[in-house]
2 protein chains.
Amino acid sequence: MTSTNSPLAVRQSITTTDTKGPAADIAALARLRTQAQSYRLRRRQAIPAASPPDSVFIVRSGLVAAENAALPGHRTIVELLYPGDIIASSLQPLTPGLTYTTMSATELWRMGTGTLKAEMAGDPSLAEFIFQRLNLQRARMQLHITMLAGLSSEQRVAGLLLQAAYRLGSSNGGTISFDMPLSRTEVAEYLALNADTLSRIMSRLERENVLARSSRAQVSIRNLDALKAHCPLSDSVIALHSEA
Amino acid sequence: MTSTNSPLAVRQSITTTDTKGPAADIAALARLRTQAQSYRLRRRQAIPAASPPDSVFIVRSGLVAAENAALPGHRTIVELLYPGDIIASSLQPLTPGLTYTTMSATELWRMGTGTLKAEMAGDPSLAEFIFQRLNLQRARMQLHITMLAGLSSEQRVAGLLLQAAYRLGSSNGGTISFDMPLSRTEVAEYLALNADTLSRIMSRLERENVLARSSRAQVSIRNLDALKAHCPLSDSVIALHSEA
DNA sequence: CGTTCGTTTGAAAATATTCAAGAATCGTGG
DNA sequence: CCACGATTCTTGAATATTTTCAAACGAACG
């Protein structure tokens, strides 16, 4: 369907730090700045499996989707990666058919696995951060599985909207607005439902005045409590998506 | 439904290594034997969230399920943990409502997070192993999500049967037999389907002569190729479950 | 200004769940 | 070893949910 895999725009991050948009300003990562190579990608660019075959990426800003295309005729977005998240895909055992694609303009830091390990050995707080971050990503995947397994379509949609509101939203007097970086099809691929079904659910939520839509991607949550009520796992979703 | 959370049977592993059943004989872990405390649990025992609040468990033999009970009236088995797998649940961000329960007689090694980190700092090959192992577990979760999202009920069941055959099965002249450690309900909780539906699917697979059942839990795969044909992701499943 | 792609919506169809009843199995105690 | 009760499993029929298909609409783009 969609595949604009242009070559990467490489840029040494040593030069400057003119990060646009929300970046992951984590102290533990500061030390890596001089070690990492910075990449800036536009929306819908694939992150190369491994330019140098043994690398780790850190998401600095933007949004990345881990997609599995192993099933012919059906694609799944397995995981969404936010600023601060780590892509350690290049290490040995990889899920067959998995690729990483940007869902919005994204800045990445790349470094060799060896480089990262050396830094971690020299800086216990960095090692601590990496460990915890990988664990946090794991927790988000576990929640995602729980949602796929236990919630109805509508409940899952509410869950994603909550996630987006807390991750990407800006609050304007009672309503939370954000630009959904995923298309309808992509949201459907993430929530394990049909794009048609998703459209129906969005329309229903709009009819119920839970949300409003100005353009295709622009969403405003008009009634956050109602949205929470739609998702039985709202507490867990908020817990895992409200911090930096 | 089921909850027999008896106190742990603790045993110092220094004494002996009379491991019954398949244990994870990984050289990199050998070093940890003197550092770890060994626990032997019977089927259906909960692993305490954190006896000492900051511990890491390593599965040495048996099978552990990560369960999420956040949804009232519905439980999900988020992940299955096999020998060699690491439970780093005690680190900071935990999925709300997540617990670990043994699904068969299981031996665990427990150690403090600090202890493990010190060992990893002193032994790069151990650090390498831990890193890769966590990544492998991540890959399995990604595959699980792909299966939940993209496969029909029957295809998911076939996938789990493949997983069990490769993990637990012993081959006897063309057929692979194993004792399924999960009950019908538990399998359903893992595959995100109804126990009734699961029962129907198992009966159908038996009727089609793909498998045979002697007792409730005893399964023999009579036609492995047919089983693979039932699961479009069979290659991925086998890739992630056929190695030690 | 027309083409293309993504979205919306309805009606029909497929898939999976619920409920309820019956059957098989397991554990326990005689 | 057998009988009993409790639990788990199986199965059918009705129901609910979700998908598929098709058509129409809308926005984006050359």
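Lettering of chains follows the sequences in order, A, B, ..., and the numbering in each one begins at 1. Quantities reported herein were computed from a predicted structural model and do not represent experimental measurements.
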When we call it a touch if two heavy atoms are under 4.0 Å apart, what does [X] touch: a base, just sugar-phosphate, or nothing?
X      : answer
A:S183 : sugar-phosphate
B:S152 : sugar-phosphate
B:R184 : sugar-phosphate
A:T197 : base
B:R213 : sugar-phosphate

Take the protein atom [atom1] of [X] and the nucleotide atom [atom2] of [N], then report the distance between them rounded to whole Å.
X      : N      : atom1 : atom2 : value
B:I201 : D:dT11 : CD1   : C1'   : 14 Å
A:Q155 : D:dA16 : CD    : P     : 17 Å
B:E206 : D:dT10 : CD    : P     : 9 Å
B:L148 : C:dA16 : CG    : C1'   : 15 Å
B:L193 : C:dA14 : CG    : P     : 21 Å
A:N194 : C:dT15 : CG    : P     : 14 Å
A:L198 : D:dT17 : CG    : C1'   : 16 Å
A:D196 : C:dA11 : CG    : C1'   : 13 Å

Study note, to complete from the structure: By nearest-nucleotide position on DNA chain D, the 5'-leaning member of B:A195 and A:R216 is B:A195

Exercise for review: For the pair A:Y190 and A:H144, name the ring-plane relationship: parallel under 30°, tilted 30 to 60°, perpendicular over 60°.
Suggested key: parallel

Point to revise | cation_pi(A:R167, A:Y82) dist<6.0 Å, angle<=45 | key: yes

Point to revise | Donor-acceptor contact below 3.5 Å, side chain A:D85 vs main chain A:Q137 | key: no

**Study point:** Polar pair under 3.5 Å, donor/acceptor by atom type, side chain B:R200, base D:dT11
**Key:** no

Practice item. Give a yes/no answer on whether the side chain of A:S203 brings an N or O atom under 4.0 Å of OP1 or OP2 in C:dT9. Key: yes

**Study point:** B:E189-B:H74 side chain donor-acceptor pair, cut-off 3.5 Å
**Key:** no

Point to revise | Given A:K228, A:Q163, A:Q155, the one that forms side-chain contact (heavy atoms from CB on, under 4.5 Å) with A:S234 | key: A:K228

Study note, to complete from the structure: Taking C:dC26, C:dT8, D:dC9 as options, the one with an atom nearest any side-chain atom of B:S215 is C:dC26

